[in-house]
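Structure record follows, encoded as structure tokens.
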There are 2 protein chains.
Amino acid sequence: MRYSQEHNEETRDRILAVASRLFREEGIAAVGLAKIMTDAGLTVGTFYTHFKSKEALVREALRRSLVARSECLKHALRTGDLEKAVRGYLSPEHRDQPGVGCPTAALGPEVPRHPRATRQAYSSALDLSLDSWAEAMTIRTGKKVGRAEAAAFVGLLAGTLQIARAVPDHAESAAILEAGARAALRLARKE
Amino acid sequence: MRYSQEHNEETRDRILAVASRLFREEGIAAVGLAKIMTDAGLTVGTFYTHFKSKEALVREALRRSLVARSECLKHALRTGDLEKAVRGYLSPEHRDQPGVGCPTAALGPEVPRHPRATRQAYSSALDLSLDSWAEAMTIRTGKKVGRAEAAAFVGLLAGTLQIARAVPDHAESAAILEAGARAALRLARKE
DNA sequence: ATTATCTATAGATCTATAGATAATGC
DNA sequence: ATTATCTATAGATCTATAGATAATGC
């Protein structure tokens with residue numbers, strides 16, 4: 001059947017939204033197209049009308065979730081300060097909601113296993129967040145903070161969140177989040 | 001056929017060695033038993049003589065690779081100092097050899113998607129490294145450093161390595177490793 | 001006339017099991 | 001007699017494609 005361009009864009013968008021959530025929840029390799037399409041209210045055969053391949057979907061879903069997170073971060077930094085953003089990142093809520101959380105924390109090790117185009121998309125979309133963190137850190141420390149330094153800062157946040165997610169003991173997990181926040185704020189402190 | 005107990009232990013050990021490398025290189029979900037068994041010089045049918053399920057293999061392989069890494073870390077701390085251990089962790093060699101590297105950097109986000117027994121095995125084997133880092137940090141800073149604080153430290157190392165692996169640009173990747181090492185050493189400094 | 005969707009399917013792969021085989025531990 | 005290994009296969013799933021259908025954009 002024929003549909004309006006608007007309908008088609010909405011469908012594509014719905015597939016992307018479902019995929020970006022499922023990938024973060026279950027991992028890219030572990031999620032099949034059938035599950036994504038079913039969750040989007042379609043059958044698997046329709047997938048290739050909207051995307052060239054699963055890899056093309058991965059690339060777009062990564063980009064989409066990274067952009068969304070950078071908007072979220074910008075909002076947190078606009079309405080609060082760096083400490084608030086750090087506490088939000090290393091919160092029990094973020095730990096328990098990987099599907100709408102940071103793509104690096106959910107998929108970090110999977111990215112390098114994908115083709116260069118996917119890594120490129122990841123890297124350039126991550127830069128949006130890195131630049132926001134770098135700016136907030138520059139303001140806070142009074143010294144110019146660059147992208148690489150911001151990447152290490154995000155590395156601390158994402159790596160700590162991963163460990164807090166992996167550790168089964170509740171008290172330990174909470175202590176790790178707290179220690180991560182203290183470490184992050186120490187890195188963002190005036191020397 | 002019947003084999004000696006020694007032969008059987010060697011076979012099981014070979015399967016574990018192959019699996020712990022492949023899991024780190026390609027991800028747990030992406031590696032099939034057939035590939036593991038072929039690499040170990042066996043056919044897939046033999047797998048279930050040695051392990052109850054793929055999940056049992058995952059649990060053991062995680063434990064094995066975490067123990068090996070903690071031994072590696074202990075050696076680095078015995079023959080050098082914390083700075084040497086940090087530089088080794090955030091080195092181009094470690095970045096380019098995930099198959100023999102840190103399991104947290106290679107598999108961090110996958111662990112929480114596995115059953116509690118697997119997360120338990122991960123957590124208790126990770127403690128070996130956390131205790132070593134905590135001890136080295138205690139000595140260096142002169143203040144008692146606990147496991148949670150060490151977990152945030154490992155989070156910084158693992159998260160930064162993941163980003164350095166994901167970023168396709170060589171110079172950027174190298175700069176991220178360097179920034180990560182500086183940040184780690186700052187966290188391990190006397191206040 | 002176009003085309004998004006559906007059903008159906010190809011061909012590969014996944015985890016797990018069954019049954020035959022043959023070498024050797026106890 | 002035991003049992004590690006092999007071959008074969010079950011049944012589910014994976015990505016991707018083919019062809020029919022039917023609603024509607026241009």
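Below, chains carry the letters A, B, ... as their sequence lines are ordered, and counting in each starts from 1.
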- Message: How many whole angstroms separate atom CD of A:Glu26 from atom C1' of D:dT13?
- Response: 14 Å

- May I ask you to check whether B:Thr141 and B:Arg189 show a side-chain donor-acceptor distance below 3.5 Å? no

- Starting from P on D:dT3, measure out to CG on B:Leu42 and report it in whole angstrom. 18 Å

- Query: Any side-chain donor-acceptor pair under 3.5 Å between B:Thr11 and B:Tyr3?
  - Reply: no

- Task: Starting at atom CD of B:Glu10, determine the distance to atom P of D:dA4, rounded to an integer number of angstrom.
- Result: 14 Å

- In one Ile/Leu/Val/Met/Phe/Trp/Tyr side-chain cluster, 4.5 Å: A:Val145, A:Ile139: no

- Task: Check whether any side-chain N or O of A:Thr43 sits under 4.0 Å from OP1 or OP2 of C:dC6, and answer yes or no.
- Result: yes

- Rounded to whole Å, the NE2-C1' distance (B:His50 to D:dC6) equals 12 Å

- Under 4.0 angstrom between B:His7 side-chain N/O and D:dT3 OP1 or OP2: no

- Query: Are A:Leu126 and A:Val67 connected in the hydrophobic side-chain network, where two residues link if heavy atoms are under 4.5 Å apart?
  - Reply: no

- Message: Counting neighbours of NZ on A:Lys35 that are heavy atoms of other residues, nucleotides or ligands and sit closer than 6.0 Å, is the number greater than 12?
- Response: no

Atom pairs, protein N/O to nucleotides 15-17 of chain D N/O, distance under 3.5 Å:
from   : atom 1 : to      : atom 2 : distance (Å)
D:dT15 : OP1    : A:Lys54 : NZ     : 3.0
D:dT15 : OP2    : A:Leu33 : N      : 2.7
D:dA16 : OP2    : A:Tyr48 : OH     : 2.7
D:dA16 : OP2    : A:Lys54 : N      : 3.0
D:dA16 : O5'    : A:Tyr48 : OH     : 3.0

- Regarding A:Thr118 and A:Glu55, is there a side-chain donor-to-acceptor distance under 3.5 Å anywhere? yes

- In whole Å, what is the span from the CE atom of B:Met37 to the P atom of D:dT5? 7 Å

- Distance, rounded to the nearest Å, where A:Asn8 contributes CG and D:dA23 contributes P: 16 Å

- Any stem touching DNA chain C, meaning at least three consecutive Watson-Crick or G-U pairs under 3.5 Å, ordered by first number, would be C:1-24 with D:1-24

- Rounded to the nearest angstrom, tell me the gap between atom CD in A:Gln5 and atom P in C:dT3. 11 Å

- Task: Say whether A:Val100 and A:Leu73 are linked into one hydrophobic cluster, either directly or through other cluster members, by side-chain heavy-atom distances under 4.5 angstrom.
- Result: no

- Would you find a donor on one side and an acceptor on the other, under 3.5 Å apart, between the side chain of B:Asp169 and the backbone of B:Glu172? yes

- Using 4.0 Å as the upper bound for N to carboxylate O, is an ion pair formed by B:Asp39 and B:Arg21? yes

- Item | d(OH, B:Tyr3; P, D:dT2) in whole Å | 18 Å

- Phosphate oxygens OP1/OP2 of C:dT5: is one of them under 4.0 Å from a side-chain N or O of A:Thr11? yes

